[in-house]
Amino acid sequence: MRPLSYRTLVNAAAALSLLAFASSCAKVSIDKPDHAGQYIDFSTSVETKAPVESSADMTEFAVWGYYADVDGNYVDVFGRINQEDTGVEVRKENGSWVYEDLRWWQFGVPYNFFAVYPADVSGVSLQAAEEPSLTITDYDVLANTESDLMLATAPDIIYQNGDATQPVSFRFSHLLSRIDLVCRPYSDQDIEGYEPRVHSAKLYGLGTEASFSSDQFTAGNTRRNGWTVSGESLTTEDFPLAGADIPDGGLQISERTSLMSDVLVFPQQTFRPGMVFKIEWSATGDGNTTSSVIELITLPLEAWVGGKHYVYTFTILPEGRIIFDTPSVQKWDEAVGGIIIVE
């Protein structure tokens with residue numbers, strides 16, 4: 001196959017139609033019934049996240065695609081390679097996935113697709129290279145604290161004339177990791193004077209901006225997961241990545257209590273000095289507080305992986321110290337499981 005160059009990119013305005021399926025798998029009507037079997041459909045699987053716990057939570061995603069023609073040249077399906085923020089938006093209307101300017105299959109050539117959720121992520125583009133790859137430039141987790149970020153690929157799809165085409169299957173993978181910080185009281189709360197409280201909690205020393213490349217990505221089993229974190233975007237104690245919302249006078253801990261939840265971070269190694277939880281706490285009600293700085297490097301977890309949920313739990317002891325449990329590693333959403341099927 002020839003290396004991709006700008007000259008070999010062909011604008012394939014009529015190369016592909018994207019027609020996603022709703023859970024009923026009923027096709028959206030199209031203008032040319034005689035070509036219905038040639039239009040490309042989608043079914044998608046999505047690994048769960050806190051805001052996106054089922055396919056019903058998804059309303060849109062963006063798609064890019066290309067194929068290699070009979071001469072080995074790469075054809076840009078939508079004419080959007082090297083153009084930032086220009087994926088085709090596929091949106092849900094009346095229970096079905098639709099998009100503008102439908103396209104149809106070319107037979108006998110291998111297609112490759114990329115999809116990103118949500119559709120409005122900035123800095124996304126399909127880059128020309130020996131083989132095209134999808135990149136996300138300068139993604140900011142602080143600017144997207146309420147937003148999931150997922151990627152799906154569908155490589156090497158080929159049909160011959162006369163084949164019955166099938167929906168393109170997208171399996172979305174989470175590109176970020178999820179962090180919770182939990183405090184719990186000592187098992188014996190009847191000790192005289194024991195009144196555990198948390199007065200503040202912060203997570204800082206991590207970068208807020210990073211860039212992603214799909215050619216370095218392997219879902220679920222690498223430490224960097226395609227990300228390169230900017231060293232110039234490190235958070236500080238005064239400007240933390242995340243902090244607990246605690247009332248004046250502190251939060252009394254009488255049961256297992258979540259202090260931070262659904263904090264989204266880039267997959268990365270955690271044994272770099274300077275990545276810390278800072279917690280202000282007290283074990284009694286006398287008004288005296290203690291500040292503890294816990295370096296993540298001191299806890300027995302070497303890396304965060306995309307699509308995993310990490311829970312850091314500590315206990316305030318009556319004798320006036322705190323101890324951390326071994327961080328637990330869970331599925332993105334334990335209640336639902338690892339995969340959501342969207343058809």
Side-chain angles (χ1 to χ4, degrees), residues 4 8-46 55-70 73-121 124-128 132-134 150-172 214 341-343:
L4 178 69
T8 60
L9 283 174
V10 180
N11 182 7
L16 168 70
S17 97
L18 301 177
L19 190 61
F21 271 36
S23 57
S24 64
C25 293
K27 286 187 178 179
V28 178
S29 297
I30 56 179
D31 294 332
K32 299 180 180 180
D34 55 316
H35 288 290
Q38 298 181 10
Y39 282 96
I40 295 178
D41 309 335
F42 283 108
S43 68
T44 64
S45 317
V46 184
S55 61
D57 296 325
M58 294 182 66
T59 58
E60 35 65 34
F61 55 89
V63 176
W64 292 256
Y66 68 93
Y67 65 83
D69 66 16
V70 293
N73 299 317
Y74 287 116
V75 179
D76 182 358
V77 171
F78 300 106
R80 301 183 181 194
I81 285 184
N82 294 319
Q83 299 182 39
E84 192 169 294
D85 304 337
T86 55
V88 170
E89 181 180 284
V90 182
R91 64 188 183 277
K92 186 176 290 185
E93 290 186 1
N94 299 320
S96 297
W97 292 101
V98 299
Y99 72 100
E100 305 298 330
D101 191 18
L102 296 180
R103 317 221 175 166
W104 58 86
W105 288 108
Q106 297 295 308
F107 293 117
V109 294
Y111 282 82
N112 294 270
F113 298 103
F114 296 87
V116 172
Y117 174 88
D120 60 354
V121 176
V124 184
S125 62
L126 189 63
Q127 295 294 314
S133 63
L134 186 131
M150 296 186 290
L151 170 72
T153 62
D156 300 325
I157 300 173
I158 184 170
Y159 289 107
Q160 303 299 333
N161 193 9
D163 287 348
T165 60
Q166 299 296 322
V168 176
S169 179
F170 274 150
R171 179 185 177 118
F172 282 88
S214 65
I341 304 299
V342 183
E343 299 184 90

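Treat the numbers as computed from the prediction; the structure is a model and nothing was measured. The figures that follow rest on heavy atoms only: side chains count, while hydrogens, waters and symmetry mates do not.
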Show the nearest heavy-atom pair for residues Phe170 and Ala115, with the distance to one decimal. CE1-CB, 3.4 Å
Residues at least two apart in sequence or cross-chain that pass ring pair (Phe, Tyr, Trp, His ring centres under 6.0 Å) with Tyr159, listed by chain then number, are Trp105
Output all residues satisfying side chain to side chain contact (heavy atoms under 4.5 Å, CB included) with Glu100, sequence neighbours left out; order by chain, then residue number. Arg91
Between Ser133 and Phe114 the two heavy atoms that sit nearest each other are CA-CZ, 4.4 Å
How long is the straight-line distance from OH of Tyr66 back to OH of Tyr111, given to the nearest 0.5 Å? 13.0 Å
Where do Trp64 and Leu134 come nearest, in terms of heavy atoms and distance? CE3-CD1, 3.7 Å
Heavy-atom donor-acceptor pair, Tyr67 side chain to Ile158 backbone, under 3.5 Å: no
Atom OG1 in Thr165, atom CD in Gln160: separation rounded to 0.5 Å? 13.0 Å
For the residue pair Asn112 and Thr153, establish whether any side-chain heavy-atom pair is separated by less than 4.5 Å. no
Interatomic spacing from OH in Tyr74 to CG in Asp69 - rounded to 0.5 Å: 10.5 Å
Got a second to check how far Arg171's CZ is from Leu151's CG, nearest 0.5 Å? 12.5 Å
Only counting residues at least two apart or in another chain, list the ones meeting side-chain hydrogen bond (donor to acceptor under 3.5 Å, both in side chains) with Ser125. Gln127, Thr135
